[in-house]
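Heads up: the structure comes next, in structure tokens.
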Amino acid sequence: MNNTGRTGIVLVVLAAAFLALALKFAAPVGPSSAMSAQISLVETQFLDTATIRKSYAELIRTKADLSDFDCYACHEKGKPPVLRFDAHQIIVVPKEHEDVVMGHGSHNRNNNCFNCHDEQNLELLQTRDGRQVKLAESPALCGSCHGPTYRDWEAGAHGRTGGYWNRAAGPIKRQICVDCHNPHRPKIPPRKPAPGPHLLHPVADVPTEGFH
Amino acid sequence: MSNSTSSPAEGNPPSSDGLSRRSFLRSSAVVVSGLAALAASLSPLRHLNDFPSVEQFLQKYYKELTPEEMKKVLTRIEDEVERQYGLRPHVSDLKPKNGVEFVYALNLTRCIGCRKCVHACVGENNQSRTPEIQYIRVVRLPHGSLDLEKAEHNYSPEQVPEKGYFYMPVQCQQCKNPPCVKVCPVHATWQETDGITVVDYNWCIGCRYCEAACPYWARRFNFTSPAIPKERLNLNMAYLGNRPRRQGVMEKCHFCVQRTRAGRYPACLEVCPVGARKFGDILDPESEVSHIFRTKRVFIQLKEEMGTSPRFFYYFDV
């Protein structure tokens, strides 16, 4: 074959290659298949800034139903309720108060309602040295035992805050102990974690599930 | 390319100027396909919807912008966001306050590893959802160790906290001696007087040197155009903060400048269900962080030996 023929073949091959490239580029560019898997939006429960429970003070503020705190709808005034204990000296919670699970402090040390509640006036709390405390002002009672935590809380270093760090710009949002801690069982319950990072390219040997 | 040697009997007589029919067809096919290939190879440009406008391209360096020019830039960004998302944001350029130095303190005793901070941050700072960009990584470590070799950030148990582990959220440490700033070849990232290291997304060239320099893996790169669902777009934006980024720029935690410079707490702090996160002005003796520095027992600066001097402290309750 002479030179002319060879040049012709090369040109035809080049033209074919260009056409192939043209087809490739003309195909719509978009995310590659590995990335086109849409990651679903995180559930709004994980974006919620509300506390895990509502304190009595918060219920008053939001004008919620307070019938649960109307002690003398059932109890009789001036007659302290009698506490019952089982054979192991563990307090028996009556079925009217079955939502109360006693779990404040370890080894059942806190085994008596009247460690905190006032037996003379059930709508009040009492400290160990006999001071009466209103339900809505419970941190003073908590602080009578949990000194360092109370000190930190007063300084804003314990517990949740929100709003403004700069007091000149706006108010800080504070929470009280019982906004987060159930007084009968103060340990914060475990919860479901929000989804972890999604891998860009799923790789079999990266432990995403069941890595405990 | 001459066919002059072929015989006229083949029905392919040489033309007067020596160009045969065959060679003409061949050359024109090559030329046409070449042009088609050129056009097609440029066709991806059609999809470049965030091609910088002239004003964007000619915009001056952040620190050289006069207040009037800045105002124009902010309006332009608002227009751009409105065009893209159909919602008009409020874009501000909040300056650092004199006599304020931000510090973050995180209580490792309290953190339960729920990752709410991660997602609150994504929402607040308009981070891309697909592909996912997250500023905060929560790593799980076995009790009794701070060995990051044992850290795991893909943990996914039914419930947290798990027995025998503690959790450590890691994000930009806002170093006093930031290696990321040193390596930036175009000064697109710098440390401001309130301690926040910021990125100008219009100045960043996407070389990713800072990502490599950061010992905390705190910087993120936009490999594609970020995808933010319109209904989750945060319209309170800042120029150096959470305005939507373009493809090819770096981003990172900036202590929510759009919130903190307006006096508010960062989003990750407000969402933390256990109050493990504390933020404030370390120069104010009355602030929470000052109280923590005075009264708490242990502080860790992550990778202290790197000499980066982070403004992000980890501590334990006594």
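Order of the sequence lines sets the chain letters (A, B, ...), proteins ahead of strands, with each chain counted from 1. Worth knowing before you read on, the calculation uses all heavy atoms, side chains too, and leaves out hydrogens, waters and symmetry mates.
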I want to check something: taking the side chain as every heavy atom from C-beta on, are [X] and [Y] in contact at a cut-off of under 4.5 Å?
X	Y	answer
B:Thr295	A:Asp152	yes
A:Asn166	B:Arg261	no
B:Glu162	A:Pro190	no
A:Ile39	B:Arg129	no
A:Arg167	B:Asp284	no
B:Pro157	A:Pro193	yes
B:Pro161	A:Arg191	no
B:Thr260	A:Tyr164	no

- Query: Which distance, rounded to the nearest 0.5 Å, do you find between the CG of A:Leu41 and the CZ of B:Arg232?
  - Reply: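 The distance works out to 4.5 Å.
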- In Å and rounded to the nearest 0.5 Å, what is the NZ to CZ distance from B:Lys116 to A:Phe46? 8.5 Å
- Task: Taking all non-hydrogen atoms of both residues into account, name the closest pair between A:Pro197 and B:Asn154 and its distance.
- Result: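 That would be CG-OD1, 3.6 Å.
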- Task: Taking all non-hydrogen atoms of both residues into account, name the closest pair between A:Phe18 and B:Ala37 and its distance.
- Result: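 Residues A:Phe18 and B:Ala37, closest heavy atoms: O-CB, 3.5 Å.
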Relative to chain B, which of [options] shows the most heavy atom pairs under 4.5 Å?
options	answer
A:Gln45, A:Arg160, A:His181, A:Lys192	A:Arg160
A:Asp48, A:Leu23, A:Leu14	A:Asp48
A:Thr49, A:Val42, A:Thr51	A:Val42

- Any chance you could lay out the salt bridge (Lys or Arg N to Asp or Glu O under 4.0 Å) test for A:Glu43 and B:Arg115, step after step, and finish with the verdict? CA-CA 12 Å; A:Glu43 293 161 52; B:Arg115 293 202 188 101; over 6 Å; no
- Message: What verdict does the side chain to side chain contact (heavy atoms under 4.5 Å, CB included) test give for A:His198 and B:Thr130, after you've listed the backbone C-alpha separation in whole Å, the side-chain angles of each residue and the deciding distance to 0.1 Å?
- Response: CA-CA 9 Å; A:His198 293 82; B:Thr130 308; over 6 Å; no
More than 12 foreign heavy atoms under 6.0 Å from [atom1] of [X]: is that the case here?
X	atom1	value
B:Phe24	CZ	no
A:Arg185	CZ	no
B:Glu231	CD	yes
B:Lys95	NZ	yes

Please classify the contact between [X] and chain A as side chain, backbone, both or neither, with a heavy-atom cut-off of under 4.5 Å.
X	value
B:Val289	neither
B:Arg137	neither
B:His291	side chain
B:Tyr167	neither
B:Pro229	side chain

Less than 4.5 Å to any heavy atom of chain B: does that hold for the side chain of [X], its backbone, both, or neither?
X	value
A:Pro195	both
A:Thr161	both
A:Leu21	neither

Donor-acceptor contacts under 3.5 Å from residues 267-282 of chain B side chains, at least two apart:
unit_1, atom_1, unit_2, atom_2, d
B:Glu270, OE1, B:Arg259, NH2, 2.6
B:Glu270, OE2, A:Gly163, N, 2.7
B:Arg277, NH1, B:Tyr104, OH, 3.1
B:Arg277, NH1, B:Gln171, OE1, 3.1
B:Arg277, NH2, B:Gln171, OE1, 3.0
B:Lys278, NZ, A:Gly156, O, 3.1
B:Lys278, NZ, A:Gly159, O, 2.4
B:Asp281, OD1, B:Glu101, N, 2.9
B:Asp281, OD1, B:Leu283, N, 3.0

- Task: Hey, could you give me each pair passing salt bridge (charged side-chain N to carboxylate O under 4.0 Å, His left out) that has a residue in residues 127-136 of chain A? Not counting sequence neighbours.
- Result: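 Listed by first then second residue: A:Asp129-A:Arg131.
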- Message: For the backbone of B:Arg264 and the side chain of A:Trp165, can you confirm whether one donor and one acceptor N or O come within less than 3.5 Å of each other?
- Response: yes
N/O donor-acceptor pairs under 3.5 Å from side chains in residues 85-97 of chain A, not counting sequence neighbours:
unit_1, atom_1, unit_2, atom_2, d
A:Asp86, OD1, A:His88, N, 2.9
A:Asp86, OD1, A:Gln89, N, 3.2
A:Asp86, OD1, A:Ile90, N, 2.8

- Item | Proximity of residues 168-178 of chain A to chain B, residues having a non-hydrogen atom under 4.5 angstrom | A:Ala169, A:Ile172
